[in-house]
2 protein chains.
Amino acid sequence: MSRGRTSPPPPEAPGPGIAYASPLFRQIERQMLAALSRGEWKPGSAIPAERHLAERFGSSIGTVRRAIDELVAGNILIRQQGRGTFVASHTRERLLYHFFHIVGESGAKSYPEVEFLSFAKARADRIAAEKLHVAVGDPVFRVRNRLQLLGAPIMIDDITIPAVRFAGMTEARFRGRASTIYNLYQQVFGVYVVRTSERLRAILADADSAALLGIASGAPLLQIRRVALSYNEVPVEYRISLVDTAHNEYWAEIGRGA
Amino acid sequence: MSRGRTSPPPPEAPGPGIAYASPLFRQIERQMLAALSRGEWKPGSAIPAERHLAERFGSSIGTVRRAIDELVAGNILIRQQGRGTFVASHTRERLLYHFFHIVGESGAKSYPEVEFLSFAKARADRIAAEKLHVAVGDPVFRVRNRLQLLGAPIMIDDITIPAVRFAGMTEARFRGRASTIYNLYQQVFGVYVVRTSERLRAILADADSAALLGIASGAPLLQIRRVALSYNEVPVEYRISLVDTAHNEYWAEIGRGA
DNA sequence: TAGTGGTCTAGACCACGTG
DNA sequence: ACGTGGTCTAGACCACTAC
């Protein structure tokens with residue numbers, strides 16, 4: 001906190017060699033992120049009012065608002081007029097509208113039913129290690145799910161997560177899931193997925209995938225390779241999805257949120 | 001302009017039945033959009049300084065800044081500290097980083113070479129009519145291009161645009177193009193593409209596409225169906241792309257711009 | 001040196017949600 | 001009625017660009 005003096009009085013000098021690191025609102029943003037990371041404010045609950053935060057950080061309300069604006073834009077906080085500002089959490093709705101991009105031909109979205117297939121402890125291969133920023137051979141967990149939409153199987157997820165960030169993960173956590181996977185990450189392991197980066201290509205179904213999806217071997221499939229990132233661009237999950245796009249499609253908006 | 005009185009003096013009342021339509025900054029945003037639409041400020045040139053706009057609109061600088069913020073977020077204006085605020089235009093770089101989402105396996109982006117294939121006047125079929133918000137049978141232009149990346153053909157674009165928005169469009173415009181297609185739309189027809197909405201699926205190459213891409217019939221292809229939108233969500237182009245993703249991929253970021 | 005956008009303040013009033 | 005976020009003001013100083 002070392003910037004932005006007011007005007008009328010010639011106040012105490014900004015200090016000799018102050019460095020002028022970054023704007024005040026960014027410093028406040030970082031402090032708020034730190035508070036979130038250490039669990040001072042919990043997912044789903046309200047953070048202090050803007051007036052109180054301004055007092056705490058010794059700034060004007062406008063500056064605190066600017067910091068909150070950034071965190072809201074980053075899907076980390078949610079404002080609700082008249083009620084307060086809340087820590088975002090991965091509810092079903094949020095997941096559906098932010099990270100699940102498969103829609104019906106008509107454009108209609110619906111909740112996927114997740115069917116657990118397998119869980120295993122393994123070691124990171126070259127690709128997973130690169131995507132997750134861990135060393136080749138580091139312990140990881142592998143999970144396989146099948147997703148259905150309106151009763152029809154349409155998607156297979158192969159998920160890889162680093163053991164170092166999910167210490168104590170068990171098969172039971174994935175089997176008896178009440179909420180979404182990203183909600184599990186957040187609630188149990190404090191890992192909050194902020195954004196994802198995906199690469200898509202068209203491939204032909206192999207015998208294994210075809211059997212799981214109930215389609216012919218050699219049918220076209222959409223392959224999605226996703227890296228999920230947490231605060232500060234830290235990768236926390238690598239996921240390969242295979243989607244039968246015969247009656248569903250992948251949906252992307254470019255240049256502005258929907 | 002009819003909102004937000006200050007405090008100390010009890011100024012002239014906000015008026016009897018004022019309606020309280022929308023915030024001042026949104027009204028200013030709309031007025032600025034109107035100025036852009038009627039060509040008062042041209043692509044690539046600077047708009048008046050914030051101080052002058054504040055005077056013109058009878059608001060404080062902060063409120064004008066808020067309006068500009070919105071237009072910047074919508075890729076319509078571009079701020080440059082110390083220089084001014086400019087009307088965005090579709091340069092090669094902008095196009096590449098905003099609307100061209102095909103990358104090499106390594107993640108590297110490069111400029112596609114566009115090869116003109118055909119141009120025709122036609123009438124909107126049911127699907128094009130729906131996507132472009134015109135009536136079935138309305139006149140449209142159809143353009144087909146082939147794109148190469150590093151010398152190898154990887155993509156076929158089938159473009160449909162409504163004649164009503166591109167009056168006087170000719171084949172020559174597409175043949176002898178110096179810049180990008182979206183730049184042509186903007187410079188010659190005043191149609192500025194703000195964002196796109198895309199649907200993706202995996203299909204098998206038919207004989208026609210396979211021949212154009214130099215691949216085997218029945219090879220997997222990524223089909224992209226894109227609607228390009230201008231100000232106020234007006235659709236201005238419908239485009240079906242077929243991409244050979246053997247050595248290239250579609251790239252998507254979810255939850256925050258990259 | 002002049003002009004532009006970027007940050008920051010201190011405080012007012014408005015709109016909304018809840019008791 | 002009260003507390004919260006949402007809008008708005010008027011003006012200062014900072015950082016950057018260009019002449």
Side-chain angles (χ1 to χ4, degrees), chain A residues 1-15 18-30 32 41 45-55 57-73 77-88, chain B residues 1-15 18-30 32 41 45-73 77-87:
Chain A
M1 219 71 39
S2 58
R3 189 82 167 327
R5 291 280 88 78
T6 335
S7 35
E12 67 281 19
I18 271 303
Y20 283 117
S22 58
L24 223 201
F25 76 86
R26 288 228 175 275
Q27 300 176 36
I28 293 177
E29 184 188 348
R30 270 201 298 273
M32 292 181 68
W41 304 323
S45 63
I47 68 172
E50 296 175 347
R51 289 160 176 76
H52 302 151
L53 289 173
E55 195 173 347
F57 294 124
S59 75
S60 75
I61 291 181
T63 303
V64 165
R65 276 188 68 81
R66 179 73 191 272
I68 294 177
D69 282 345
E70 299 287 316
L71 296 172
V72 168
L77 295 180
I78 297 173
R79 281 209 179 91
Q80 289 187 242
Q81 177 171 158
R83 306 219 313 129
T85 301
F86 300 80
V87 182
Chain B
M1 222 70 38
S2 58
R3 189 82 167 325
R5 291 280 90 77
T6 335
S7 34
E12 67 281 18
I18 270 304
Y20 283 118
S22 57
L24 222 201
F25 75 87
R26 289 229 174 275
Q27 299 177 36
I28 292 177
E29 183 189 348
R30 270 201 298 274
M32 292 181 69
W41 303 323
S45 62
I47 68 171
E50 297 175 345
R51 288 160 176 77
H52 302 152
L53 289 173
E55 196 172 345
R56 164 167 168 179
F57 294 124
S59 76
S60 75
I61 290 181
T63 303
V64 166
R65 277 188 67 80
R66 180 72 191 273
I68 294 177
D69 281 345
E70 300 287 316
L71 296 172
V72 168
L77 296 179
I78 297 174
R79 282 209 180 92
Q80 290 186 243
Q81 177 170 159
R83 304 218 315 129
T85 301
F86 300 80
V87 182

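Chain A is the first sequence line, chain B the second, and so forth, proteins listed ahead of strands; every chain is numbered from 1. Values reported hereafter were calculated over all heavy atoms of this structure, with side chains retained and with hydrogens, waters and symmetry mates removed.
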| task | Could you tell me the separation between the CZ atom of B:Phe57 and the C1' atom of D:dC8, rounded to a whole number of Å? | result | 16 Å
| said: Please give me the minimum heavy-atom distance between A:Ala67 and A:Ile28, naming the atom from each residue. | reply: CB-CG2, 3.8 Å
| query | Is there a side-chain polar atom (N or O) of B:Arg79 under 4.0 Å from OP1 or OP2 of C:dG6? | reply | yes
| said: Return whichever of A:Gly82 or A:Val64 has its heavy-atom-nearest nucleotide of DNA chain C closer to the 5' end. | reply: A:Val64
| Hey, is the side chain of A:Thr63 poking within less than 4.0 Å of OP1 or OP2 on C:dT9, counting only N and O atoms? | yes
| query | Reckon A:Arg51 has a side-chain N or O less than 4.0 Å from the OP1 or OP2 of D:dT4? | reply | no
| query | Can you check the B:Glu55 CD to C:dT4 P distance for me, whole Å? | reply | 12 Å
| message | Roughly what angle, to 10°, lies between the helix axis at the start of the helix from C:dT1-D:dA18 to C:dT18-D:dA1 and the one at its end, five pairs per end? | response | 10°
| said: If you only use heavy atoms from C-beta on, which nucleotide in C:dG17, D:dT7, D:dA18 is closest to the side chain of B:Arg83? | reply: D:dA18
| said: Taking side chain to side chain donor-acceptor pair (under 3.5 Å) as the definition, give me every residue that meets it alongside A:Ser60, ordered by chain and number, with sequence neighbours left out. | reply: A:Thr63
| Rounded interatomic separation in angstrom, taking CZ from B:Arg65 and C1' from D:dG11 | 14 Å
| Starting at CD of A:Gln27 and ending at C1' of C:dC8, how long is that distance when rounded to a whole Å? | 12 Å
| Does a side-chain N or O from A:Ser60 land closer than 4.0 Å to OP1 or OP2 of C:dA10, or not? | no
| query | Just how far, in rounded Å, is P of D:dC8 from CZ of B:Phe25? | reply | 6 Å
| Of the nucleotides D:dC8, C:dC8, C:dG5, which has the atom closest to the B:Gln81 side chain? | C:dG5
| query | Between B:Glu29 (CD) and D:dT7 (P), how many Å, whole number? | reply | 12 Å
| message | Heavy atoms from C-beta onward define the side chain here; which of C:dT4, D:dG5, D:dT7 lies closest to that of B:His52? | response | C:dT4
| said: Applying salt bridge (Lys or Arg N to Asp or Glu O under 4.0 Å) as the test, list every pair that has at least one member in residues 51-63 of chain B; sequence neighbours left out. | reply: B:Glu40-B:Arg56
| note | Nearest heavy-atom contact between B:Glu50 and B:Arg79 is OE2-NE, 3.7 Å
| Straight-line distance of B:Ile78 CD1 to B:Ile47 CD1, nearest 0.5 Å | 11.5 Å
| Student check: side-chain heavy atoms of A:Arg30 and A:Ser22 closer than 4.5 Å | yes
| Residue whose nearest DNA chain D nucleotide is more 5′ - A:Ala49 or B:Ile61 | A:Ala49
| said: Output the rounded distance in Å from CG (A:Asp69) to C1' (D:dG5). | reply: 11 Å
| What is the minimum heavy-atom distance between A:Ser59 and A:Leu24, and which atoms define it? | CB-CD1, 4.0 Å
| For the pair made of CD in A:Glu50 and C1' in D:dT7, what is the distance, rounded to whole Å? | 12 Å
